[in-house]
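Working notes, beginning with the structure itself.
Quick note on labels: first sequence line is chain A, next is B, and so on, each numbered from 1.
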Amino acid sequence: MNSLINTSYLVASVCFILTLQFLSSPKHARQGLLIGAFGMTVAVIATLFKPEIVTYKWIIPSFLIGSLIGTAMSAWIPMTKMPERIALSHSFGGLAASLVGISEYIRHDPFEMSRVTVAALGFETFFGFLTFTGSMMAFGKLQGFITGAPITFKGLNAINIAAFIGSIVALVIFVIHPEMKEIFYTVSATGLIIGVTAVIPIGGADMPVVISLLNSYAGLASSATGFAIGNNVLIIAGALDGTSGFILSMMMSKAMNRSFANVLFGAFGTGGGSAPAAAGTDTRAPQYNQGTIEDAVSTLEAAQSVIVVPGYGMAVSQAQHAVRELGAALEKRGATVRYAIHPVAGRMPGHMNVLLAEADVSYESLFDIEDINDDFAQNDVVLVVGANDVVNPAAKTNKQSPIYGMPVFNVELSRTVIVLKRSMNTGFSGLDNELFYQPNTMVVLGDAKKTIQAFKSELETRE
Amino acid sequence: MNSLINTSYLVASVCFILTLQFLSSPKHARQGLLIGAFGMTVAVIATLFKPEIVTYKWIIPSFLIGSLIGTAMSAWIPMTKMPERIALSHSFGGLAASLVGISEYIRHDPFEMSRVTVAALGFETFFGFLTFTGSMMAFGKLQGFITGAPITFKGLNAINIAAFIGSIVALVIFVIHPEMKEIFYTVSATGLIIGVTAVIPIGGADMPVVISLLNSYAGLASSATGFAIGNNVLIIAGALDGTSGFILSMMMSKAMNRSFANVLFGAFGTGGGSAPAAAGTDTRAPQYNQGTIEDAVSTLEAAQSVIVVPGYGMAVSQAQHAVRELGAALEKRGATVRYAIHPVAGRMPGHMNVLLAEADVSYESLFDIEDINDDFAQNDVVLVVGANDVVNPAAKTNKQSPIYGMPVFNVELSRTVIVLKRSMNTGFSGLDNELFYQPNTMVVLGDAKKTIQAFKSELETRE
Amino acid sequence: MANELLLALYIFVLAGFLGHHVISKVPPLLHTPLMAGTNAIAGISLVGSLVAAGGDFSHASTILGFIAVVCASINAVGGFLITDRMLRMFRKKGERRS
Amino acid sequence: MANELLLALYIFVLAGFLGHHVISKVPPLLHTPLMAGTNAIAGISLVGSLVAAGGDFSHASTILGFIAVVCASINAVGGFLITDRMLRMFRKKGERRS
Ligand SMILES: NC(=O)c1ccc[n+]([C@@H]2O[C@H](COP(=O)([O-])OP(=O)(O)OC[C@H]3O[C@@H](n4cnc5c(N)ncnc54)[C@H](OP(=O)(O)O)[C@@H]3O)[C@@H](O)[C@H]2O)c1
Ligand SMILES: NC(=O)c1ccc[n+]([C@@H]2O[C@H](COP(=O)([O-])OP(=O)(O)OC[C@H]3O[C@@H](n4cnc5c(N)ncnc54)[C@H](OP(=O)(O)O)[C@@H]3O)[C@@H](O)[C@H]2O)c1
């Protein structure tokens with residue numbers, strides 16, 4: 001029996017690896033997911049035969065409740081809320097890991113546990129709780145329950161450092177004296193505290209990096225559980241999770257041209273747009289061409305090739321369907337329409353891709369920065385839909401700019417650039433954008449979705 | 001102690017993984033090798049502290065002999081002999097694995113061994129011996145000790161099938177009755193036999209595929225050793241080896257557009273060039289332009305861009321240094337010189353790359369087929385140095401051709417093609433090559449090295 | 001003990017290397033489904049939670065297990081469903097939605 | 001026993017997947033050094049051979065071990081040396097040979 005259960009865990013591990021391998025192309029990704037779900041089912045069913053499990057009395061209702069909530073959440077959450085949904089899942093994962101840790105601790109004789117098990121239990125509980133509260137904070141910031149602006153106050157740093165040192169000391173003591181209950185609960189408490197105090201001073205817009213990092217902590221907690229209860233599928237799933245979170249957060253910081261440390265300790269970002277800072281001694285507000293719906297449509301009408309650059313604003317105004325409809329209308333008139341997707345456009349890796357896929361835009365029309373950046377020079381019109389930082393030429397030209405070196409789209413090389421935004425406020429980085437003031441740029445103010453819908457109606461009247 | 005030894009094996013495993021990871025770029029590959037050598041050293045030193053080892057009396061001389069032979073072989077073997085050298089190493093590896101298997105068997109009480117250990121011992125010895133004799137045969141064929149032509153005789157198939165079934169039956173009996181010495185030695189004997197009888201019917205030129213496949217068997221033997229003696233670094237190194245051999249042999253068959261089965265059982269290839277078969281009913285020998293050294297040099301002199309396509313003939317005539325010198329001379333005259341490297345040019349994956357690297361050609365001048373195939377159309381002169389099948393247009397145009405579908409260079413699109421070979425004989429596949437008879441092709445007969453040296457002298461007199 | 005730790009370490013290290021390679025091959029196009037998908041896989045913590053909830057240890061342990069099963073099954077069930085919902089949206093030109 | 005086999009299987013499977021990813025990333029340029037390099041790594045069979053050669057079992061075992069150590073150390077020592085010799089030859093434009 002026991003070796004059958006363990007074999008099923010090996011099967012599940014292989015399935016999970018295959019799931020991630022299949023994610024390397026959109027064509028087979030769904031099959032991979034099916035394989036993963038199969039592996040999960042096998043592992044769960046096998047576990048039910050474990051001799052330690054004596055009753056299904058509590059298992060059945062709890063599993064049903066969880067499945068119901070999970071199904072409901074996944075069916076109704078809008079795609080624009082994915083970052084929130086992912087943060088929430090991490091907090092569930094973290095909570096589950098730490099509760100299992102506590103339950104393992106209270107039901108075993110501490111003197112019968114090996115050092116390894118004790119250390120693993122400590123790690124599991126610590127990282128589990130840290131992930132739990134940290135992800136809750138991230139969720140709150142994204143949802144606006146907590147202000148997105150970095151929260152810092154005198155003494156916060158001191159608290160952070162104290163909690164960090166305290167957790168290490170407590171972990172060490174715990175490994176030596178596993179029978180000391182207080183120490184175990186101190187470890188748990190420091191995890192809970194650090195999750196809060198380490199996340200609140202980070203700006204709301206940096207939450208995606210934080211969420212990915214918490215993903216890797218959740219993975220570590222999971223692996224630690226595996227070490228504690230001697231279960232390899234947990235170790236493997238945790239390691240896969242952990243590397244995934246780590247790689248994504250690295251990728252994001254790199255694409256934002258900021259160091260990890262700067263994200264975590266920089267208190268960067270204000271969480272919302274702000275009016276551009278006055279540029280040096282020049283106090284005149286710079287001039288920009290404000291266009292009307294009619295102007296913009298005339299330009300679009302004449303274009304042979306259009307490149308759409310979506311950004312966070314498209315997610316905010318839920319404009320993806322309108323964008324697709326406008327694109328289809330332009331294509332019907334004979335123009336080619338392509339979408340240029342920046343790796344950190346929006347607020348989550350792959351954010352724009354998911355939204356446009358939701359709106360039924362084929363993934364063959366979506367282009368990565370390397371594949372499209374040389375084509376802007378031969379392009380007629382660029383339509384910037386709520387993007388800002390990812391089209392800021394300062395990243396290429398101004399060595400003083402904090403985003404200098406971040407790869408950006410060469411939109412300014414196209415014949416005309418139409419920018420959709422609500423105001424002249426800045427984007428995530430809080431930096432002014434010269435692009436808006438260039439002679440070949442036309443700014444159309446207003447909510448992106450409404451503006452695009454107006455474009456389409458206007459276009460139709462002209463047919 | 002014991003756990004220190006095991007930790008050192010973990011370190012070695014990580015080192016080996018890193019070695020292979022570093023091989024993904026020529027810039028860091030040597031560092032990776034250093035890491036691997038470090039890992040090996042750590043593992044070997046740690047092993048010397050094993051309690052089972054009671055004397056170094058035999059270890060020291062045997063290790064010294066091995067190191068001496070290894071050092072000598074690696075210092076003096078010419079790069080053109082790499083396939084032979086690799087075949088030889090596989091046979092050593094296989095022999096070592098099977099001898100360890102026998103020694104494990106004779107020194108343990110068969111009734112004290114677990115089923116897993118017994119099965120692993122059987123596999124280890126079987127695959128070890130198979131790799132040993134198989135690699136010896138491959139070596140013999142490459143060196144010409146054994147005829148390169150496929151050796152087949154009536155009854156060979158029967159022997160192969162009998163040995164194969166016999167080995168499986170013997171392995172099964174062995175697992176059930178590990179105490180039956182005769183069965184163990186039968187397993188060993190079938191391994192030795194299959195190594196010979198499975199390899200001799202394969203043509204000499206297919207030996208690279210065979211060698212790679214034997215590489216993966218050697219890996220399996222190594223992993224089996226790991227299972228038998230419970231040593232993870234052996235399992236890991238064996239699995240890495242095994243996948244490497246398997247992937248390379250797959251790649252080769254794919255690039256030759258032949259199935260694995262066809263390579264192993266097709267008795268393909270004659271081991272040497274042969275006169276082209278008469279093409280259908282047309283008995284007139286087709287016409288080709290035979291060029292002189294002077295003609296060829298005049299063409300090269302006028303070229304702005306030259307692409308060199310090296311093949312097996314370059315290895316045979318050791319022309320790599322001459323090629324490089326000619327290339328440098330042409331570059332000095334203002335031409336651009338690039339090298340187009342086909343994945344199966346020569347007789348071993350990466351064969352041409354190593355030879356040209358030896359001759360000091362920078363790897364930045366070497367281009368894979370995907371990167372250069374579109375450039376032939378804008379190119380002035382192609383210099384085909386002993387390549388044949390990889391420039392055979394029949395692979396693109398003639399659906400009847402056995403190599404139809406294999407990717408080949410579009411050399412015929414260049415303004416002029418100069419082909420260097422000794423005769424009008426065919427290459428490895430035994431197929432005639434239409435390219436040689438096209439109006440823009442000039443064939444210069446003779447040994448490639450001599451011809452190229454003559455080119456260079458002629459070029460110098462014209463300065 | 002030390003041996004058991006070492007074996008677990010082997011597995012952790014190998015899986016970590018493997019994760020690195022597998023994840024790097026996921027294109028930016030699918031980064032959001034990747035995040036959701038790893039979330040689903042993390043639901044495997046169910047195997048630990050089930051033992052706590054179904055074992056005959058103590059009331060406290062059972063309650064903790066109950067909550068843990070709820071949390072883990074939200075991830076396991078919900079994670080796969082939402083990832084699938086996302087992936088279903090990705091389609092080639094002309095391909096019909098399923 | 002079954003457990004020991006399973007753990008070994010985990011490691012084998014993970015290493016196999018990992019090998020697949022790592023080896024696929026090696027460019028054709030370096031395929032010959034790859035073959036030589038895996039050969040060198042295969043020299044790790046030394047750890048098995050050394051025990052046979054240095055143990056106090058029987059004459060036969062010692063002789064087998066002796067030969068095995070010779071063979072394995074040819075691979076271990078020679079393999080790294082020849083791979084390094086090859087890799088030393090690969091250079092960028094303008095780079096001097098070391
Ligand atoms: N994707 C990730 O993984 C990730 C993670 C962390 C951080 N980030 C950061 O996020 C930024 C993303 O760049 P981005 O160019 O996509 O966005 P952005 O620079 O934040 O700019 C968003 C733009 O959208 C406009 N906008 C907001 N709501 C709108 C609405 N309803 N209608 C029309 N326009 C609206 C805003 O201007 P108004 O306010 O004037 O309308 C603003 O100009 C980068 O700085 C990146 O580093 C990304
Ligand atoms: N690379 C691998 O991994 C691998 C593995 C297995 C099989 N193969 C097969 O090997 C073939 C390789 O193609 P290839 O184009 O490189 O070679 P090839 O088709 O075998 O042709 C070699 C050519 O070189 C000429 N040649 C031989 N010695 C020469 C000398 N001393 N001077 C001048 N020319 C000489 C031969 O003609 P003469 O006799 O008239 O001189 C012949 O035309 C492919 O069919 C491939 O499938 C490759």
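- When B:H90, B:K50, B:M73, B:K57 are compared by the number of non-hydrogen pairs under 4.5 Å with chain D, B:H90 comes out ahead.
- Remark: of the listed residues B:D368, B:L366, B:V344, B:D368 is the sole one forming a side chain to side chain contact (heavy atoms under 4.5 Å, CB included) with D:P28.
- Neither the backbone nor the side chain of B:I341 has a heavy atom closer than 4.5 Å to any heavy atom of chain D.
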D:L46 vs B:T47, test: side chain to side chain contact (heavy atoms under 4.5 Å, CB included). Steps then yes/no. CA-CA 9 Å; D:L46 255 179; B:T47 304; over 6 Å; no
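- Between D:F90 and B:Y363, the ring planes are tilted. Angles from 30° to 60° get that label.
- Using a 4.5 Å heavy-atom threshold, the side chains of D:L64 and B:Y105 count as separate.
- Comparing D:L29, D:L9, D:T83, D:I63 by how many heavy-atom pairs each has under 4.5 Å with chain B, the most go to D:L29.
- Remark: B:S74 engages no residue in a side-chain hydrogen bond (donor to acceptor under 3.5 Å, both in side chains) (not counting sequence neighbours).
- Note: D:N75 leads D:L14, D:L34, D:V69, D:N75 in heavy-atom pairs under 4.5 Å with chain B.
- When each of B:N215, B:I229, B:I77 is checked for heavy-atom pairs under 4.5 Å with chain D, B:I77 comes out on top.
- Heavy atoms closer than 4.5 Å to chain B are found in the side chain of D:F57, but not in its backbone.
- Interface summary for chain B: among D:V47, D:D56, D:V77, D:V26, the most heavy-atom pairs under 4.5 angstrom belong to D:V47.
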Taking it one step at a time, do B:L68 and D:I74 satisfy side chain to side chain contact (heavy atoms under 4.5 Å, CB included)? CA-CA 8 Å; B:L68 224 72; D:I74 292 178; over 6 Å; no
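- No side-chain heavy atom of D:H21 sits less than 4.5 Å from a side-chain heavy atom of B:T243.
- Contact count versus chain D (heavy atoms, under 4.5 Å) is highest, among B:A239, B:S89, B:G70, for B:S89.
- The parts of D:L81 that come within reach of chain B are both its backbone and its side chain, each placing non-hydrogen atoms under 4.5 angstrom from that chain.
- Residue-level contacts of residues 95-102 of chain B with chain D, in order of numbering, are B:L95, B:A96, B:L99, B:V100, B:I102; threshold 4.5 Å between heavy atoms.
- Between chain B and the options D:I67, D:T62, D:V51, D:D84, the largest number of non-hydrogen pairs under 4.5 Å is found for D:D84.
- When heavy atoms are compared at a cutoff of 4.5 Å, B:P26 approaches chain D by way of both its backbone and its side chain.
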